[in-house]
Amino acid sequence: MWVFSLPLDVQKVYFFNVKSPIGNFLKLAVGVFVLFTFIRGGYGRATLNPSKAYYSEVTFYNHAAVNTQWSLLRDFFTKSTKLKSPYDFYGSDQQVIQEQLKPAFQSQPDSAVEVLSTTRPNVVIIMLESFVGDLIQSLGGEKGITPHMEELIKGGILFDHIYSAADRSDKGMVAILSGFPAQGPESIIKYIDKHENMPAIGQEFDHAGYETSFYHGGQSEFYNFKSYMLTHGISRVVDNANFGLDAERASWGVYDHVVFNQMIHDFNKEKQPFSQRYLH
């Protein structure tokens, strides 16, 4: 028979020297908070995505800056969604298809009219979100809602048979700048490996020697706006992070008038000709 004796001063063992359940819970809560912060990449509107790493107009440099292990796992877990097509296709009768598409490709080259006094004008593209024709009097909307828009219409050219290209900004932006139609429930801008191979008007301006930039009051990483711009000829991206902490802003970013004032200030210093884009 074996007999064991224990000294009277045996100490109890506690989890990481924290003696109370409350202390253990607090330590767990702090750990979860820190992990969540790192995984999400912050607490702004845009979560951590490849656009955070994009910084150059050179595609190779941007690819080298992205975490390769993360990209491998993302492609592995999202490959099934890319293989599934949400669209209906035409039948196999090519003649019927040609007849249906023929009106869309008819053109009259001799009907072009010169309306500008210069062949290299400065170009500013303003993309409006959550805006409708019912607010513009010249389009049959209410009177007195958009007087400054009416001034622009009187001094310019109004295309009154153009309709909104999509139901969301991420789809509309690609439709405006790349001429790519809206994709129903999907959005091609979410897939960098796809949208970086698309053409866009920014590349044409860049090749023509224009100074190019993109202004956005929110986070440019949201829905990969930043990566889309940098890979399509836009040399400078100005967003929420470029404005000081004292700038007027809401949860979605800096107010529009603040961004417009910054744009006008930059126009006076910009090398001409320039081409600017602003997402409102």
Side-chain angles (χ1 to χ4, degrees), residues 45 103-104 106-108 111-185 187 189 200-202 205 210 212-220 222-223 225 228-229 234 238-240 242-243 247-268 270 272-280:
R45 290 285 183 178
Q106 290 179 344
S107 62
Q108 297 176 346
S111 64
V113 178
E114 290 283 345
V115 296
L116 300 177
S117 59
T118 176
T119 57
R120 291 176 65 81
N122 295 323
V123 180
V124 180
I125 300 174
I126 301 175
M127 292 172 277
L128 296 179
E129 293 181 298
S130 304
F131 201 80
V132 294
D134 292 337
L135 300 178
I136 301 176
Q137 182 180 351
S138 298
L139 294 177
E142 297 184 48
K143 183 179 179 180
I145 302 298
T146 54
H148 297 298
M149 186 72 76
E150 294 298 324
E151 293 177 6
L152 292 175
I153 291 172
K154 290 179 181 178
I157 299 174
L158 172 66
F159 297 90
D160 55 4
H161 281 70
I162 292 181
Y163 296 87
S164 177
D167 60 336
R168 285 183 59 88
S169 307
D170 49 298
K171 303 174 189 176
M173 178 186 295
V174 176
I176 293 171
L177 302 180
S178 290
F180 195 82
Q183 304 87 55
S187 176
I189 202 172
I201 193 173
F205 282 116
Y210 275 69
T212 56
S213 59
F214 171 69
Y215 288 78
H216 180 41
Q219 291 178 273
S220 60
F222 184 74
Y223 264 105
F225 291 168
Y228 175 79
M229 294 299 166
I234 307 302
V238 178
D239 68 356
N240 182 46
N242 294 96
F243 294 87
E248 296 180 76
R249 69 186 72 210
S251 59
W252 278 102
V254 179
Y255 288 133
D256 292 325
H257 71 278
V258 178
V259 182
F260 271 118
N261 289 335
Q262 183 63 48
M263 286 179 63
I264 295 172
H265 177 266
D266 293 344
F267 286 169
N268 296 327
E270 196 79 76
Q272 298 194 20
F274 57 74
S275 173
Q276 317 287 356
R277 286 142 201 82
Y278 174 49
L279 176 62
H280 164 71

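Keep in mind the model is a prediction, meaning the values are calculated, not measured.
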Engineer: Hey, what do you get for OG1 (T119) to CD (E114), rounding to the nearest 0.5 Å?
Structural biologist: 9.0 Å

Engineer: Cut-off 3.5 Å, side chains only: do Q219 and D239 have a donor facing an acceptor?
Structural biologist: no

Engineer: Should we count NE2 of H257 as having more than 12 external heavy atoms under 6.0 Å?
Structural biologist: yes

Engineer: Would you name the heavy atoms of R249 and F243 that are closest together and state the gap between them?
Structural biologist: NH2-O, 3.4 Å

Engineer: Q272 vs R120, test: side chain to side chain contact (heavy atoms under 4.5 Å, CB included). Steps then yes/no.
Structural biologist: CA-CA 9 Å; Q272 298 194 20; R120 291 176 65 81; over 6 Å; no

Engineer: Quick one: does any side-chain atom of S178 pair with a main-chain N or O of F180 as donor and acceptor, under 3.5 Å?
Structural biologist: no

Engineer: For Y210 versus P121, what's the shortest heavy-atom pair and its separation?
Structural biologist: OH-O, 2.8 Å

Engineer: Hey, could you give me the CG/CD distance between L139 and E150, rounded to the nearest 0.5 Å?
Structural biologist: 8.0 Å

Engineer: Under 3.5 Å, is there a donor-acceptor pair between the side chain of T146 and the main chain of L135?
Structural biologist: yes

Engineer: Looking at every heavy atom in both A175 and A165, which two are closest together, and how far apart are they?
Structural biologist: CB-CB, 3.3 Å

Engineer: Measuring from I157:CD1 to L152:CG, what's the distance to the nearest 0.5 Å?
Structural biologist: 13.0 Å

Engineer: What's the shortest heavy-atom distance between L158 and S138, and which atoms?
Structural biologist: CD2-CB, 4.1 Å

Engineer: About how many Å separate CD of E270 and CE of M263, when rounded to the nearest 0.5 Å?
Structural biologist: 10.0 Å

Engineer: F222 vs W252, test: side chain to side chain contact (heavy atoms under 4.5 Å, CB included). Steps then yes/no.
Structural biologist: CA-CA 10 Å; F222 184 74; W252 278 102; 4.1 Å; yes

Engineer: Does any N or O in the side chain of N240 come within less than 3.5 Å of the main-chain N or O of G218, such that one atom is a donor and the other an acceptor?
Structural biologist: no

Engineer: Could you state the interatomic distance from CD1 (I125) to CZ (F214), rounded to the nearest 0.5 Å?
Structural biologist: 11.0 Å

Engineer: If the test is ring-ring contact (aromatic ring centres under 6.0 Å, His included), which one of Y215, F260, F274 qualifies with F267?
Structural biologist: F274

Engineer: Looking only at heavy atoms, what is the nearest atom pair of F225 and S220, with distance?
Structural biologist: CB-O, 3.1 Å

Engineer: So do I136 and F131 actually touch side chain to side chain, heavy atoms under 4.5 Å?
Structural biologist: yes

Engineer: What pairs of donor and acceptor atoms, side-chain ones from residues 167-174 against any protein atom, are under 3.5 angstrom apart with sequence neighbours left out?
Structural biologist:
residue: D167; atom: OD1; partner: K171; partner atom: NZ; Å: 3.2
residue: R168; atom: NE; partner: D170; partner atom: OD1; Å: 3.2
residue: S169; atom: OG; partner: E129; partner atom: OE2; Å: 2.1
residue: D170; atom: OD2; partner: S187; partner atom: OG; Å: 2.6
residue: K171; atom: NZ; partner: G184; partner atom: O; Å: 2.3

Engineer: State, yes or no, whether a side-chain contact exists between V259 and N261 at a heavy-atom distance under 4.5 Å.
Structural biologist: no

Engineer: Short question: side chain of Q137, backbone of I145 - any donor-acceptor pair under 3.5 Å?
Structural biologist: no

Engineer: I would like to know whether E248 and V254 meet side chain to side chain contact (heavy atoms under 4.5 Å, CB included); could you show each step before the answer?
Structural biologist: CA-CA 6 Å; E248 296 180 76; V254 179; over 6 Å; no

Engineer: Tell me, with the steps shown, if I264 and D266 meet side chain to side chain contact (heavy atoms under 4.5 Å, CB included).
Structural biologist: CA-CA 5 Å; I264 295 172; D266 293 344; over 6 Å; no

